[in-house]
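Just so you know, these numbers come straight off a predicted model, no measurement behind them.
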Amino acid sequence: TMIARLDEDKNVLEFLEIIKESNLPQDWEVKIIGDGDQRKILENYINENSLSNVSLEGQLNSAQVKDILSKSKINCLTSLREGFGVVLIEAMFSSNALIAYDCPSGPSEIVNNENGFLIPLRDKKLFQNKLKFLIENPYTLETLMKTSFQDSQNWKKDTIIEKWKNIL
């Protein structure tokens, strides 16, 4: 899955290029949640490249997002900029392994070797290789998914409040 505004900063077109080049198994679905000014461009790319396993889900409510994340195994983020990367934490609470570009602000504070892969910005080939690696290695994927959920507990409200109390 990917959760992102469909705009240039979120770099969804590059994610679609990665998906196209990855030759995912036919039974794998890619769901992109969000809306924005690049929706038509992305729809055209999906159609022109026959990416029948990719769907643009549009803007969904929180229950719908939670449902999709609960069925997902991998959450991807190809943003060029992030304020923090809350979508990655949301994915962790649903036991998703993470693959994200190391863009300014956010992903490097969340993604680690225990819950996924942090990819140098715009390194499409490495992103693709890590995605394929997880698909071809279900044991590693399962391990990252379990650790991702365990790591999510560090982001629970009570834990964060305690950290803020210590800082203040």
What are the two closest non-hydrogen atoms of [X] and [Y], and how far apart are they?
X	Y	value
Phe93	Ser152	CZ-O, 3.1 Å
Ser79	Tyr101	O-CB, 3.8 Å
Ser22	Ile18	OG-O, 2.6 Å
Gly116	Val111	C-CG1, 4.0 Å
Gly34	Leu6	O-CD1, 3.6 Å

Membership question, hydrophobic clusters at under 4.5 Å side-chain separation (ILVMFWY): are [Y] and [X] in the same one?
X	Y	answer
Leu77	Ile74	no
Ile89	Met2	no
Leu126	Leu16	yes
Phe117	Val30	yes
Leu69	Ile32	no

In the structure I gave you, are the side-chain heavy atoms of [X] and [Y] within less than 4.5 Å of one another anywhere?
X	Y	value
Tyr45	Leu51	yes
Asn112	Leu118	no
Ile110	Met92	yes
Asn75	Glu90	no

Atom [atom1] of [X] and atom [atom2] of [Y]: how far apart are they, to the nearest 0.5 Å?
X	Y	atom1	atom2	result
Glu82	Glu109	CD	CD	11.0 Å
Lys66	Ser94	NZ	OG	7.5 Å
Asp67	Ser62	CG	OG	11.5 Å
Leu98	Glu114	CG	CD	12.5 Å
Glu14	Thr78	CD	OG1	6.5 Å
Asp7	Leu13	CG	CG	12.5 Å

Full working for side-chain contact (heavy atoms from CB on, under 4.5 Å) between Lys73 and Trp28 = CA-CA 10 Å; Lys73 296 181 182 215; Trp28 276 70; 4.3 Å; yes
Listed by chain and number, what are the side-chain hydrogen bond (donor to acceptor under 3.5 Å, both in side chains) partners of Glu17, not counting sequence neighbours?
->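 With sequence neighbours excluded, Glu17 shows a side-chain hydrogen bond (donor to acceptor under 3.5 Å, both in side chains) to Lys124, given in chain and number order.
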Pairing residues for Asn44 by the side-chain hydrogen bond (donor to acceptor under 3.5 Å, both in side chains) criterion, not counting sequence neighbours |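 In terms of side-chain hydrogen bond (donor to acceptor under 3.5 Å, both in side chains), with neighbours along the sequence ignored, Asn44 is linked to no residue.
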Any residue meeting ring pair (Phe, Tyr, Trp, His ring centres under 6.0 Å) with Phe84, in chain and number order, not counting sequence neighbours =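 In terms of ring pair (Phe, Tyr, Trp, His ring centres under 6.0 Å), with neighbours along the sequence ignored, Phe84 is linked to Trp155.
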Can you give me every donor-acceptor pair (side chain of residues 127-136, partner residue at least two apart or in another chain, under 3.5 Å) with its distance?
from   : atom 1 : to     : atom 2 : distance (Å)
Gln128 : NE2    : Glu21  : O      : 2.7
Asn129 : ND2    : Lys125 : O      : 3.4

Any sub-3.5 Å donor-acceptor pair from Gln64's side-chain atoms to Asn61's backbone N or O?
->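 Here the side-chain-to-backbone pair exists.
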Check: Ser148 side chain, Ala97 main-chain N or O, donor-acceptor pair, under 3.5 Å =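 Here the side-chain-to-backbone pair does not exist.
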What's the verdict on side-chain contact (heavy atoms from CB on, under 4.5 Å) for Arg122 and Leu80, showing C-alpha distance, side-chain angles and the deciding distance?
-> CA-CA 8 Å; Arg122 293 216 182 254; Leu80 302 177; 3.3 Å; yes
Take Ile119 and Ile99 through the side-chain contact (heavy atoms from CB on, under 4.5 Å) test and state the conclusion after the steps.
-> CA-CA 7 Å; Ile119 309 296; Ile99 306 176; 3.9 Å; yes
Non-neighbouring partners of Ile68 that pass side-chain contact (heavy atoms from CB on, under 4.5 Å), sequence neighbours left out |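 Expected list: Thr1, Lys31, Ile33, Glu57, Leu60.
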Stepwise side-chain contact (heavy atoms from CB on, under 4.5 Å) test for Cys103 and Leu121 = CA-CA 6 Å; Cys103 65; Leu121 195 60; 3.9 Å; yes
Does CG in Asn113 sit with more than 12 non-hydrogen atoms of other residues, nucleotides or ligands closer than 6.0 Å?
->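 Counting other residues, nucleotides and ligands, CG of Asn113 stays at 12 neighbours or fewer.
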Which donor-acceptor pairs under 3.5 Å do side chains of residues 139-147 form with protein atoms, sequence neighbours excluded?
from   : atom 1 : to     : atom 2 : distance (Å)
Thr143 : OG1    : Tyr139 : O      : 2.9
Thr147 : OG1    : Thr143 : O      : 3.0

